[in-house]
Amino acid sequence: MATLSATVDELIEAYGPHLSFEPPGGFANRGAVDRRVETHCCFCGQQCGVKLLVKDEKVVGVEPWEEFPFNRGKLCPKGVKRYLQNNHRDRLLHPLVRTGRGFARIPWDEALDLVAERFERLQRAHGRDSVAVLSGASLTNEKAYLMGKFARLAVGTRHIDYNGRLCMVAAGAANLKAFGIDRAANPWADIAATDLILVVGANVSECSPITTDYIWRARDRGARLIVIDPRLTPIARTSDLYLPVRPGRDSALMNAILHEVVRLGGVDHEFIAQHTSGFEELQRTIAHYAPESVAQEVGIPARRIVEAAQMWVQAPRTMLLHARGIEHHTKGVENVLSCINLVLATGKIGKPGCGYATITGQGNGQGAREQGQRCNQLPGARDVENPQHRAVVAERWGVPESRIPAKGASAPEIIEMSHRGEIRGLLSMCFNPLVSLPDASFTRAALERLDFYVAIDFFLSETARHADLVLPGSLQEEDEGTVTNVEGRVLRLRKAVEPPGEARPDWQIICDLARRFGAGEHFAFSGPAAVFDELRRLSAGAVADYSGITYDKIDRQMGVFWPCPDDDHPGTPRLFEGGRFAHADGRARFHAVEYRPPAEEVDAEYPIILTTGRVVSQFLSGTQTRRIGPLVAHQPEPFVEMHPRLAAKLDVADGDRVRVVSRRGVLVLTAQVVATIRPDTVFIPYHWPGERSANRLTLRAYDPIAKIPEFKVSAVRIEKIAAHAGRTGALPRFAAAEASEP
Ligand SMILES: Nc1nc2c(c(=O)[nH]1)N[C@H]1C(S)=C(S)[C@@H](COP(=O)(O)OP(=O)(O)OC[C@H]3O[C@@H](n4cnc5c(=O)[nH]c(N)nc54)[C@H](O)[C@@H]3O)O[C@H]1N2
Ligand SMILES: Nc1nc2c(c(=O)[nH]1)N[C@H]1C(S)=C(S)[C@@H](COP(=O)(O)OP(=O)(O)OC[C@H]3O[C@@H](n4cnc5c(=O)[nH]c(N)nc54)[C@H](O)[C@@H]3O)O[C@H]1N2
Ligand code: SF4
Ligand SMILES: [Mo]
């Protein structure tokens, strides 16, 4: 990439936030560290086990934790370098209040009083629901649980939602519809034991790097691999069959594969009869999806679709894995259902080495979607609109049912309502919507319209710069609690060091705030362990049943898979064994899905499909990884990836600066000309703010059920603006762009 020749000084000057590097020779004599703390990575949903090295009460490095079974000591570059954010000089150390001249320090007590005073004033004038809460899925289960309880019982608003709305909700909704439960159906050990892996819309090597290891173990045993992705990703380069789908066409493609499977006689009629319902209607629908009839639309030759069906039918055991590539769509739920239909129709689920999973993204993407911080959900993955579920939670919280507000708005809707002036107060923790929501200019206008906005973060994120009050929370290693990994395995995070300066553990901030709102009796927790105890008891009898999980059991077993309904229960690594699903009648449901086009189709003015996503060395909105020097050195800036054929048409050479224009905005980026992407599609990674933000281009179009944005398809045109600058030439100066941002 562009920057291998850049010096550290150049990088720091060009990239705004301070970058942290290890000093030459290392922070510490590794042998002489004070302690090693066994915990987990702070980034993605794999939640790799890692040992943090602590010296003089600072995290100074990592070591592999070989005994932890999921990753057995392996880490990706982010996991190796994560310790460089501890002691970072950008770390928020004091509560900050906005004044006429920027931010000023404010004592904690005054800051907490101010939140309650301002929110209560807004609520008196404009109603309780004029204030909203946004939360995150990098938070522990304990914090996610507290955030839901805080919004509903302390603030008293129905508007609480979380950043998983941008991530896991399409898969979650589809899994609930089909199976009656929202969790990976299989432990990852089943990937290593399978005969065929079908990866749909997941850049496994860059985004769930440790999953690659499971796939390779299967490959070593002779398993075959099919990848469906508009980009020939690193994992796709190793596949037996690669289907370069046109973005936004997966439901048509999956229907066609199933059509062919039926024609080949590959359906499992006995399984269908005994364990499912709805197959007849599905069969009528897929009858119209012969490979030849969809080939043009999906952009794949019919014979390749047939080949995929043949491979699926031939393999005794299969694992279908998907991620945001099929979920970030206005038909995300339908795309996922079309994958599940294939798995169910062939009875390939609930067996060793045979099943299905969506690859969870965020650190606690699984657990944080169960503990009641979603607008439609109460703890235990209960339904906020179900009278029985409401009654159970009210009884265990010791409040009348009327005290639990109704279903609220989803995260994107909260921003839309802020833009319309219907929501006037906002508290966010662990969410950077200015970078991560579509149509960033709109998000920014919405934030600017708020009367009072308080952000809880450990760095001053681009969104937090718009806050009236910023509260310094805790880094992952400064607090304890549990997270639930991609497999549904509940794990323990152990505290390595105390928060620096006046920063406080997140859980304590929420409980202190709750007291200011007069709800202290419901938040009298001595620490995360006490919160966990309440949440696990409350989950008893619910779908996401954690009641038999304790911190001790997690330690003893190196994690416990939910559901785990009692003290003697070992946990449930594999769901649906014997074909028993979680719906009341024990049957899974087929859902006939008709293909619908994306919200924004290409046309003469905007003729190119833009899809967005990730690179291996940056994480989400980048607040953390854009401060870690070696990760920035690997990927300092976004780029626009395009095929040589498209580049030739545009007269663009590798390294040229180009203008990417959508109906929402314009970005100026360096072209990366690669043969590994469809010629009708370009790709931009989204980890950067301001004038480098992919979300200046994306559109506010959502799945009607899950409300997930269509990050994976928008229409753009590309204009060449400068001749080849050379891929190893001088770095563009982004400091000015960054400074002008908020
Ligand atoms: N390095 C890194 N790792 C991460 C993260 C990160 O930010 N950085 N984030 C974590 C989180 S929260 C998440 S959600 C996951 C996301 O993990 P992934 O979903 O694997 O990552 P994405 O890059 O969003 O998209 C995946 C793939 O979808 C493809 N794609 C785009 N459009 C379509 C389409 O219409 N159909 C199909 N079939 N494929 C399409 C893209 O080319 C891309 O290769 O990663 C997690 N891990
Ligand atoms: N165009 C486009 N946009 C996308 C996507 C895409 O593929 N394309 N992907 C979407 C997806 S899948 C996701 S998950 C979202 C993520 O979008 P965001 O949730 O906005 O991204 P994060 O970077 O996780 O933001 C979390 C913020 O919380 C802070 N934080 C992290 N951990 C903690 C903690 O423990 N405590 C506190 N107090 N703060 C914490 C971080 O510093 C950061 O500022 O982005 C979405 N946006
Ligand atoms: S794969 Fe995910 S959890 Fe593992 S080290 Fe990388 S970012 Fe961390
Ligand atoms: Mo995500």
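When a ligand or atom number is given, it counts from 1 through the structure's own listing order.
- Distance from atom 10 (C) of ligand 2 to its nearest protein heavy atom, with residue and atom name: L166 O, 3.5 Å.
- Below 4.0 Å from some heavy atom of T233 lie the following atoms of ligand 1, by number and element: 44 (O).
- Here the protein heavy atom with the shortest distance to atom 13 (C) of ligand 1 is G361 CA, 3.2 Å.
- Distances from atom 27 (C) of ligand 2 to the heavy atoms of F619, Y686, F431 put F431 nearest.
- Ranking protein heavy atoms by distance to atom 24 (O) of ligand 2, first place goes to L620 CD1, 3.1 Å.
- At the shortest separation from atom 17 (O) of ligand 2 among protein heavy atoms lies S436 CB, 3.0 Å.
- Close N/O approach between T612 and ligand 2 is found [any backbone or side-chain N/O within under 3.5 Å].
- Any N or O atom pair closer than 3.5 Å counts here, and V616 shares at least one such pair with ligand 1.
- When non-hydrogen atoms are compared, ligand 2 lies under 4.0 Å from the side chain of L139 (C-beta onward) but not from its backbone.
- Nearest-residue assignment for atom 34 (C) of ligand 1 (options A171, G201, G325; heavy-atom criterion): G325.
- The protein heavy atom nearest to atom 35 (O) of ligand 1 is G248 N, 2.8 Å.
- Not one N or O of R246 is nearer than 3.5 Å to an N or O of ligand 1, by distance alone.
- The proximity of C44 to ligand 1, defined as any non-hydrogen pair under 4.0 Å, is limited to the side chain.
- The protein atom (non-hydrogen) at minimum distance from atom 31 (C) of ligand 2 is F458 CZ, 3.5 Å.
- Considering backbone and side-chain atoms together, Q362 places no N or O closer than 3.5 Å to any N or O of ligand 2.
- Closest to atom 41 (C) of ligand 1, if we only count protein heavy atoms, is D229 OD1, 3.4 Å.
- Taking CZ of R165 as the start and CG of L437 as the end, the distance is 12.0 Å to the nearest 0.5 Å.
- Just one of L52, V59, V37 meets the side chain to side chain contact (heavy atoms under 4.5 Å, CB included) condition when paired with V497; it is V59.
- The ligand atoms of ligand 2 that sit less than 4.0 angstrom from a heavy atom of C167 are 12 (S), 14 (S).
- Each of the atoms 38 (N) of ligand 2 lies under 4.0 Å from some heavy atom of M429.
- At the shortest separation from atom 3 (N) of ligand 1 among protein heavy atoms lies C207 CA, 3.4 Å.
- Counting heavy atoms from C-beta outward, E477 and N86 have side chains that approach closer than 4.5 Å.
- For ligand 2, the atoms lying closer than 4.0 Å to a non-hydrogen atom of S474 are 34 (C), 35 (O), 36 (N).
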message: Run N695 and T698 through side-chain hydrogen bond (donor to acceptor under 3.5 Å, both in side chains) and show every step you take.
response: CA-CA 5 Å; N695 278 323; T698 52; 2.7 Å; yes

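- Remark: among candidates D479, I509, T623, the nearest residue to atom 43 (C) of ligand 2 is T623, based on non-hydrogen atoms.
- Summary of contacts: the protein heavy atom closest to atom 12 (S) of ligand 2 is R614 NH2, 3.0 Å.
- Between D506 and K143 there is a salt bridge, with a side-chain nitrogen of the basic residue lying less than 4.0 Å from a carboxylate oxygen of the acidic one.
- The protein atom (non-hydrogen) at minimum distance from atom 37 (C) of ligand 2 is D506 OD2, 3.6 Å.
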- request: Let me see the working for Y145 and F150 under ring pair (Phe, Tyr, Trp, His ring centres under 6.0 Å), right down to the final yes or no.
  value: CA-CA 9 Å; Y145 173 81; F150 168 75; over 10 Å; no

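- In this structure, F459 has its ring center closer than 6.0 angstrom to the ring center of H88.
- No part of A464 comes within 4.0 Å of ligand 2, judged by heavy-atom distances.
- If you number the atoms of ligand 2 from 1 as listed, the ones under 4.0 Å from a heavy atom of K712 come out as 7 (O).
- Summarising the contacts of atom 20 (O) of ligand 1 with N203, T611, I609, the nearest heavy atom is found in N203.
- Compare P244, S208, P230 by their heavy atoms: the one nearest to atom 40 (C) of ligand 1 is in P230.
- Close contacts between ligand 2 and H328 involve ligand atoms 5 (C), 6 (C), 7 (O), 9 (N), 10 (C), 12 (S) [criterion: under 4.0 Å to a heavy atom].
- If you check which protein heavy atom lies closest to atom 22 (P) of ligand 2, you get S621 OG, 3.4 Å.
- Not one N or O of Q624 is nearer than 3.5 Å to an N or O of ligand 2, by distance alone.
- A side chain to side chain contact (heavy atoms under 4.5 Å, CB included) with E462 is found for exactly one of P433, S436, S693, P689, namely P689.
- Contacts with ligand 1 closer than 4.0 Å are made by side-chain heavy atoms of H329 only, the backbone lying farther away.
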message: Go through it in stages, so that I can follow the logic: the residues are H322 and E327, the test is side-chain hydrogen bond (donor to acceptor under 3.5 Å, both in side chains), and I'd like the CA-CA distance, side-chain angles, deciding distance and then a yes or no.
response: CA-CA 8 Å; H322 60 77; E327 300 165 25; 2.8 Å; yes

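- Between R504 and S474 the shortest side-chain heavy-atom distance does not fall below 4.5 Å.
- Among protein heavy atoms, the minimum distance from atom 28 (O) of ligand 2 is reached at C430 CA, 3.0 Å.
- Considering backbone and side-chain atoms alike, V204 places every N or O at 3.5 Å or more from each N or O of ligand 1.
- Against a heavy-atom cut-off of under 4.0 Å, I456 is close to the following atoms of ligand 2: 38 (N).
- Considering backbone and side-chain atoms together, K143 places no N or O closer than 3.5 Å to any N or O of ligand 2.
- Nearest to atom 19 (O) of ligand 1 among the protein's heavy atoms is R324 N, 2.9 Å.
- For P709, the heavy-atom gap to ligand 2 stays at 4.0 angstrom or more.
- For ligand 2, the atoms closer than 4.0 angstrom to any heavy atom of S138 are 32 (N).
- Taking every heavy atom of S461 and a limit of under 4.0 angstrom, the matching atoms of ligand 2 come to 44 (O).
- Looking at Q476 next to ligand 2, no N or O pair under 3.5 Å apart turns up.
- Among N141, T140, D479, the single residue meeting the side chain to side chain contact (heavy atoms under 4.5 Å, CB included) criterion with P528 is D479.
- Looking at L434, D457, N432 and measuring to atom 42 (O) of ligand 2, the nearest heavy atom belongs to D457.
- Here is the list of ligand 1 atoms found below 4.0 Å of a heavy atom in A323: 18 (P), 19 (O), 20 (O).
- Contacts between K78 and ligand 1 below 4.0 angstrom, taking non-hydrogen atoms only, involve the side chain exclusively.
- Closest heavy-atom approach to atom 8 (N) of ligand 1 among the candidates R231, Q618, Q46, H687: Q618.
- Checked against a 3.5 angstrom limit, the closest N/O atoms of V615 and ligand 1 fall inside it.
- Closest to atom 36 (N) of ligand 1 among all protein heavy atoms lies D250 OD2, 2.6 Å.
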